[in-house]
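Notes for the one structure printed next.
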There are 2 protein chains.
Amino acid sequence: MSIDQSARRGIPEVTVARLPEYLRALRGFAEQGTTSISSEDLAAATGVRSAKVRKDLSQLGSYGVRGVGYDVDHLAYQISLALGQTHDWPVAIVGMGNLGRALAAYRGFATKGFRIVALLDQNELLHGERIAGLVVRPVTDLPELVLEGLAIGVIATPADSAQDVSDRLVDAGVRSILNFAPTMLTVPDGVVVRKVDLSTELQILAFHEQRKVEPPTHLQEARA
Amino acid sequence: MSIDQSARRGIPEVTVARLPEYLRALRGFAEQGTTSISSEDLAAATGVRSAKVRKDLSQLGSYGVRGVGYDVDHLAYQISLALGQTHDWPVAIVGMGNLGRALAAYRGFATKGFRIVALLDQNELLHGERIAGLVVRPVTDLPELVLEGLAIGVIATPADSAQDVSDRLVDAGVRSILNFAPTMLTVPDGVVVRKVDLSTELQILAFHEQRKVEPPTHLQEARA
DNA sequence: ACGTCCTTGTGAAGAGATGCACAAAGTCAC
DNA sequence: GTGACTTTGTGCATCTCTTCACAAGGACGT
């Protein structure tokens, strides 16, 4: 897994995955005027143990003050620095189906430092259409977009064209991909892929749901 | 974390999370006529190590044949059995914004045994509107839906109403929740929550992207 | 029927993440 | 200044997940 490589000598991947949660919680505290916060309170707000919070934060450096806690603003700044939120990341969304359109219209990205700079689709019929203030363009525009700074590509196509789109993204120079298509992507070393699969999440829930209905399956069989 | 509880004495959570991937790969192999598959090939198709595949599958039982491999159809059946895909799971989506509408229109759920039975929103103005063949209903209909078998709730509301919706789901008797709102939900024991956060995923990508641009930050500082 | 070959299933080792518990280090009241 | 108090940062034990490596088991050709 190419993600693990970049964690080598760096911050553990599990910690990185929690940093956005801490950051969100901190922003919340800052909004309601809290200026200082203990690891215990931050843990409560994010649903983890306080020791884990402290260990995670210590990966970034020693930004806490013993006996007091962490300065909310300063810690938020340090985390956003680590996450690269200090500058804007241009993002392109490929695939203008239902999901692609929803992502294009989603307001939550802008505040996190992501700017959707292009909407692409392989279907010519969509080219030129206006969605969320942007004109849909062909995927052949990708090299041009990378020259303009594009770094992150979001794949919101059906499964069967996802690998093709992925190849085009990689060829154009994109090295970070968020994949919503229900398929595994093959990419060269150095390219990081994260996958979000709605069906998978529901299937995991279904597994647990099923467990609740008939918990002691083995025992029941043994009883027969 | 309530999810870990159900993993106690059962299949490890990490394994459960990989089962849908195996199942998807198996369906693909079945479609192209492959009847038998080795752990090595299944590993290649899903991007994991073969030993991991074998250990994961051995959690379900001994369905492989030494020297030969696994029967594709039988293994797919066993996994779908473990995941509870043998019967349909009624799903309700709460929050008919962009994302909620996209989810309502998503065709991928049906083939995985999920049936979207209701679309709900707290905004009265939307009630009665038709989306993807379903009429939008008020969240107060939840108890009724649970009586009709509703088991899984999807939260696609803005962050500020997510906890309220979550409480209503739980009160109505829903014990499995998929949360797309960028906020932590507090639920009683026995309720399983999975969270999908689009911004978080992008932030993790941005972290890795940043690493690539300026790998040896500390060394640069030391040099100064 | 026998031996060769192949792949599973799994103990054991290794790597990684989590949780505990406490010394270290700072604040604050007086 | 001093001491009581609070909370961090972290070494260590524990737990979980992964990887290795190989014996056990079964198919298949001869």
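Letters A, B, ... mirror the listed sequences (proteins, then strands); counts begin at 1.
- Comparing D:dT18, D:dA21, C:dT18 by their nearest atom to the side chain of B:Arg18 picks out D:dT18.
- Taking 4.0 angstrom as the limit, B:Tyr70 places a side-chain polar atom (N or O) nearer than this to OP1 or OP2 of C:dG9.
- Here C:dA17 is the nucleotide among C:dA17, C:dG19, D:dG26 with the atom lying nearest to any side-chain atom of A:Pro12.
- The base of D:dT10 lies outside donor-acceptor range of the side chain of A:Lys55, with no N or O pair under 3.5 Å.
- Of the candidates C:dT10, D:dA27, D:dT7, the closest approach to any side-chain atom of B:Arg54 belongs to C:dT10.
- Within 6.0 Å of OH in A:Tyr77 there are 12 or fewer heavy atoms belonging to other residues, nucleotides or ligands.
- Distance B:Gln59 CD to D:dT18 P: 11 Å, rounded to the nearest Å.
- The separation between B:Asp41 atom CG and C:dT7 atom P is 9 Å, rounded to whole Å.
- Put simply, CD on B:Glu40 is 8 Å from P on C:dT8, counting in whole angstrom units.
- Going from atom CZ of B:Phe180 over to atom CD1 of B:Ile177 covers 13.0 Å, rounded to the nearest 0.5 Å.
- Side-chain N/O atoms of A:Lys52 include one lying less than 4.0 angstrom from OP1 or OP2 on C:dG19.
- Here A:Ser39 does not reach the OP1 or OP2 of D:dT7: none of its side-chain N or O atoms lies under 4.0 Å away.
- Checking side-chain atoms of B:Thr46 against main-chain N and O of B:Leu42 turns up a donor-acceptor pair under 3.5 Å.
- The main-chain N or O of B:Leu150 is never found under 3.5 Å from a side-chain atom of B:Trp89 such that the two would form a donor-acceptor pair.
- Residue B:Ser62 is classed as a sugar-phosphate contact, given heavy-atom separations below 4.0 Å to backbone atoms only.
- Here D:dT18 presents its P atom at 12 Å from CD of B:Glu13, a figure rounded to the nearest Å.
- Between A:Leu60 atom CG and D:dG9 atom P there is a gap of 10 Å when expressed in whole angstrom units.
- Relative to the side chain of B:Val14, the nucleotides C:dA17, C:dT7, D:dT18 differ in distance, and D:dT18 lies closest.
- Evaluation of atom-type donor-acceptor distances gives no pair under 3.5 Å for the side chain of A:Arg49 against the base of C:dG19.
- The distance from atom CG of A:Asp56 to atom P of C:dT18 is 7 Å, rounded to the nearest whole Å.
- Taking atom CG on B:Leu57 and atom P on D:dC17, their separation rounds to 16 Å, with Å as the unit.
- Between A:Gln78 atom CD and D:dT8 atom P there is a gap of 16 Å when expressed in whole angstrom units.
- Taking 3.5 Å as the limit, the base of D:dT8 and the side chain of A:Arg66 contain a donor-acceptor pair of atoms between them.
- Here the nucleotide nearest the side chain of A:Ser58, chosen from C:dT10, D:dT10, D:dC17, is D:dT10.
- With no hydrogens or angles considered, a side-chain donor-acceptor pair links A:Glu209 and B:Ser176 at under 3.5 Å.
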